[in-house]
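Not measured: the values here are computed from a predicted model. In the text below, chain A, chain B and the rest are named by the order of the sequence lines, each starting its count at 1.
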Amino acid sequence: MTDFRAAASAAAERIAACEAKGTHAFLAWSGEAMLEQARGLEAARADGPLAGAVVAVKDVIADRWFPTTCGSRILEGYRSPFEASAVRRLREAGALVAGKTNCDEFAMGSSTEYSAYGPTLNPVDPARVPGGSSGGSAAAVASGAVDMALGTETGGSVRQPAAFCGIVGIKPTYGRVSRYGLVAFGSSLDQIGSFGKDVASAARLLAAISGRDDRDSTTLDRVPLSEPGPAPTSLAGTVIGVPREYLPEGLHPGVRAACDRALKKLKELGAEIRDVSLPHTKYAIPTYYIVAPAEASSNLARYDGVRYGLREDGGLADVRAMYRKTRGAGFGTEVRRRIILGTYVLSAGYYEAYYGRAQRARERIRSDYAKVFAGGVHALFTPTAPTPAFRLGENLADPLQMYLSDIFVCTANLAGVPSLSLPIARDQGLPLGGQLIGAMEGESTIIRIAQALEAALEPTAEVR
Amino acid sequence: MAWETVVGLEVHVQLLTRSKMFCGCSAAYGDPPNTNVCPVCLGLPGALPVPNERAVRLAVRAAFALGCAVHSRSIFARKNYFYPDLPKGYQISQFEEPLATGGRLEVVSPERGPFTVGIKRLHLEEDSGKSFHDRVPGMTAVDFNRSGVPLIEIVSEPDLRSPAEARAYLTALKQVLRWIEVSDCNMEEGSLRVDANLSVRRPGEPLGTRTEVKNVNSFSNVERALAFEQGRQIAVIEAGEQVEQRTMTFDAATGEVRPTRSKEIFSLALSGLAGFFSLPVDFIQYFLDACQVFFS
C-alpha cells in the first residue's frame, strides 16, 4: 500500500526548498492540501497507476483546491467551481496535486516572463528562463520538487520548456486529452501535455489523463493510451525522417552537434535515418501568429468584468468604459498585443486576406506531415528549440525574436500531430532537447523511440 | 406613383427542449433569476459546450416542415460581440454552413391571396441572457437563465409585400411550428421573436435601402411597426432624402419606430472553430424523426 502521507510530506519539503531558492515555479501550492488529498486517497485505498505520485498543474487548468489565475491579473484570486477532467483523472489514478504552476499570462509566451506574478527561474541556471509558456511546470519537475506536471500547448509550450529545463515533455495528438477545464487560448490548437523527469514518467502521466470525455466533444473516441513498456534495445525496422528545413544553415552549433550525436545513436540502435522535406515549414510562424491570436481574441472576450475576476468600473455607468478599463488593467502587454492582432485579422474586410489565407497555409502544413508519414516514415527527429535557454530579459524587447523560439515546435500544433521533447545533451551546462514528431495518434511510436534513445544517450553529456 | 414595400423576416424561435443547447441546465421560462445556470452557460473559464441532440432533432423537424434541404454537414461558428448578457463574448451560431437552406411556406395574403414565401435558411444557435434595466436603480441586472436556451433562426426571402403579409406569414409559421411541436411560439415569454427588414421602391426598380426593426412583441405590433416604418421611408424619399441603412426599435406605447444603437460586431464569425465541433447530422435518423410527425 502506497504511503500517500509520506509522499505528501516529502514533496512539501522539496517544493519549499525549490521555492526558497527563488525559482518561483508555483503560483499556489499547499502541503496541507496535499496531506488532505493523501488522507482521502488512503481512505479510498487508492492504487491507481499514479498512486503516490506528486503532480503540479499549470495554472490555466481549473482545479477546485487552488485558484485558477492563468498568470493574469484579470483572474487574480479566481476560484473555479469545478475541476478539469484531466485533473480529475490524475486524482482518480492516485496522484496528489501539489499546486498550480506559473506560466505566461493565458499561456501566451515562450519564457514565463509574461506572467503577471513575476518570472520563473530555470533550475539549471537561475539567470536563464525556463522556457514557456509552461515554464513553472517544467521548473517544478526539473528542480525535483514534484514527480510530474501537467502543462499545456498551443504552439510548443510544453516541449520548448522541457528542452530548456532538461526534462521530457509530451504534446499528444489533438483530441487525445480532454480540455474540459483548460482555459481556452487557441481552441483549434490547444492540448494538455505532460512533463516528467524521464520518458516513462511523462508517458505514464499522459496515459492516465488520455481518452474520450463526454464533456469535451473534440476528444477522440479512443481507449486511453496504454502504460509505457520497457525501453526497446533495438530500433531495427524503424524509419526516422529528418526534415531538412529543421536543420538550416547557421543553426546554433551546439544544437546541431547535439542533433548529430542523437541521430548517430538512433542509427546505432538500428533505425533507418531518412532525409525528408516539409516544404511549407517556412509559413509556420506567420500562420501560427494569425490563427492563435484570432482564436485568442474570441476566447478572451469573456473576461469583461461582468461576472467574475477583475472589474474596474471607476464608478462609471457606461458599460463600455468598464470593459475598456477592466481589460486595459487586467491584461498584460503580450495578451493585449495578441487580442488586438486577432481582432484585426478577423475584422470585416481583412478576414479572408489573413484568417482565410492562414487556414489554407495550415492545410498545406498538415498535408506536408500526412505525405511524409504516408511515405513510410515512423517518426521525425528535429531539434526542439533553435537555442538553449536564453537569459531573463533577453527577448523581452523583441516579441518577434521571442516568437522564433517556437519555430520548430509550432507546426505540430498546426497539424495536430503528437510530438515530444527529450534531453539529448548539454552545451556549456545548458540542456538541449531533441524533438520526435509522430503521425496522428502515433504517441506510442514516438514514446518507444524516445525510450530507446534516452537509454542509449547520456543526456547530460557536454556536446562540445 | 405607387410605392412597393419589400419585407423579409428573421424569426427566432426557442425550441421545446427540457435542457439548454450546450449544457444540461433547465431551459424553463420564469424560474427565479440565475437559478438555471452552470459553468457552461455562464461562460466560466475552461467550460466547453456539448450540443443537445434533442435540439438538433427539433431543428431538423422544423426544416423538413418548411421544405428545406437539410445538410448532412453543418458547422457551428462564433459571432463575437461584447454585451453584458452574452457571457462568453460570443454567441454560438451558424454562419457558412447552416443546418438547412432553401425552403418555402404557403401563406394567404389579405391583398393577393395564396402565395409562397421562400425560406432562405434555418440554423441553430443559443440564446443570450436577459438584461433588465429597470429592476435596480442606476444599474443593469442580468438573468442568465435564458443564456444557452436553444433557438432556431428562420430567415425568409424578401418575398413579403406589405405589413399585413408579414403578419400573415408569421401566423402561418407559428401554426406550423406549434403543430409539429417544435416551439410554443409564445411571444409574451419571448419564445418567438421577430426582426423585420423593410425597404420601399417603385415597382420594377431594384431593392431600396432597408432598415431592420427590432423589439416588436406581438404580431399586431409587427404590422403596426412595419406600417409606420413604411410610411417613414416613403416620406424620407419623397422629401428627396435617402434612407439610411440602420437598426430601428419599436415603441409600442407611441407606435413609433426610432433608430437604436446596434450591438457592434467586433469581429466576423469564426466558422467551424473547434473548441467546438462540426456536427455530423445523421440524415436518415433525422429524416425518420421528422416524418414521424406527419405520418404516425
Side-chain angles (χ1 to χ4, degrees), chain A residues 60-62 68-70 75 78 80-85 106 174-175 178-190 213-218 294-295 297-309 317 319-320 322-323 327 342-352 355 359, chain B residues 22-24 34 37-53 76-92 95-96 129 131 133 137-142 144 147 261 263-280:
Chain A
V60 293
I61 300 172
T68 300
T69 72
C70 302
L75 284 176
Y78 173 77
S80 175
F82 64 97
E83 72 185 344
S85 296
F106 285 102
Y174 184 81
S178 169
R179 299 182 294 178
Y180 189 77
L182 162 60
V183 178
F185 159 15
S187 304
S188 73
L189 302 157
D190 295 340
D213 178 15
D214 288 340
R215 288 176 183 276
D216 176 358
S217 51
T218 63
E295 296 181 3
S297 74
S298 171
N299 282 324
L300 271 61
R302 66 185 61 190
Y303 308 106
D304 57 6
V306 173
R307 286 148 297 129
Y308 49 80
V319 70
R320 286 160 173 273
M322 184 192 80
Y323 290 154
R327 292 167 65 80
T343 307
Y344 176 77
V345 300
L346 288 180
S347 50
Y350 298 101
Y351 185 88
E352 187 43 42
Y355 195 70
Q359 292 292 43
Chain B
F22 296 108
C23 63
N34 297 311
V37 292
C38 75
V40 174
C41 58
L42 285 175
L44 297 190
L48 292 173
V50 178
N52 178 339
E53 190 186 328
F76 283 107
R78 299 178 180 188
K79 190 167 155 188
N80 297 279
Y81 62 91
F82 284 92
Y83 209 73
D85 60 25
L86 189 71
K88 297 187 293 297
Y90 56 83
Q91 178 196 30
I92 303 178
F95 184 58
E96 279 170 343
S131 296
H133 303 290
M139 297 183 95
T140 294
V142 188
F144 289 103
S147 171
R261 186 161 76 172
K263 290 170 191 170
E264 250 172 88
I265 306 296
F266 283 88
S267 61
L268 280 180
L270 272 171
S271 222
L273 177 58
F276 276 165
F277 34 76
S278 65
L279 190 71

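- In this structure, the portion of A/Tyr323 lying under 4.5 Å from any heavy atom of chain B is its side chain and not its backbone.
- Contacts with chain A were tallied for B/Gly89, B/Ala47, B/Cys23, B/Pro87; B/Pro87 has the most, counting heavy-atom pairs under 4.5 Å.
- Residues B/Pro84 and A/Met322 are not in side-chain contact: their nearest non-hydrogen atoms beyond the backbone lie 4.5 Å or more apart.
- Contacts between A/Arg307 and chain B at a heavy-atom distance below 4.5 Å involve the side chain alone, from C-beta outward.
- A heavy-atom distance below 4.5 Å is not found between the side chains of A/Asp304 and B/Tyr83.
- Interface residue A/Val183: backbone and side-chain heavy atoms are both found under 4.5 Å from chain B.
- With a 4.5 Å cut-off on non-hydrogen atoms, A/Tyr303 touches chain B through its side chain but not through its backbone.
- To the nearest 0.5 angstrom, A/Tyr308 atom OH is 8.5 Å from B/Leu42 atom CG.
- Put simply, the side chain of A/Thr68 does not reach to within 4.5 Å of the side chain of B/Pro45, judged on heavy atoms.
- If you measure heavy-atom distances from A/Asp190 to chain B, you find no contacts under 4.5 Å at all.
- More than 12 non-hydrogen atoms from other residues, nucleotides or ligands lie less than 6.0 angstrom from CZ of A/Arg327.
- Summarising the geometry, atom CZ belonging to A/Arg302 is positioned 11.5 Å from atom CZ belonging to B/Phe82; distances are rounded to the nearest 0.5 Å.
- For A/Tyr78, the part lying under 4.5 angstrom from a heavy atom of chain B is the side chain only.
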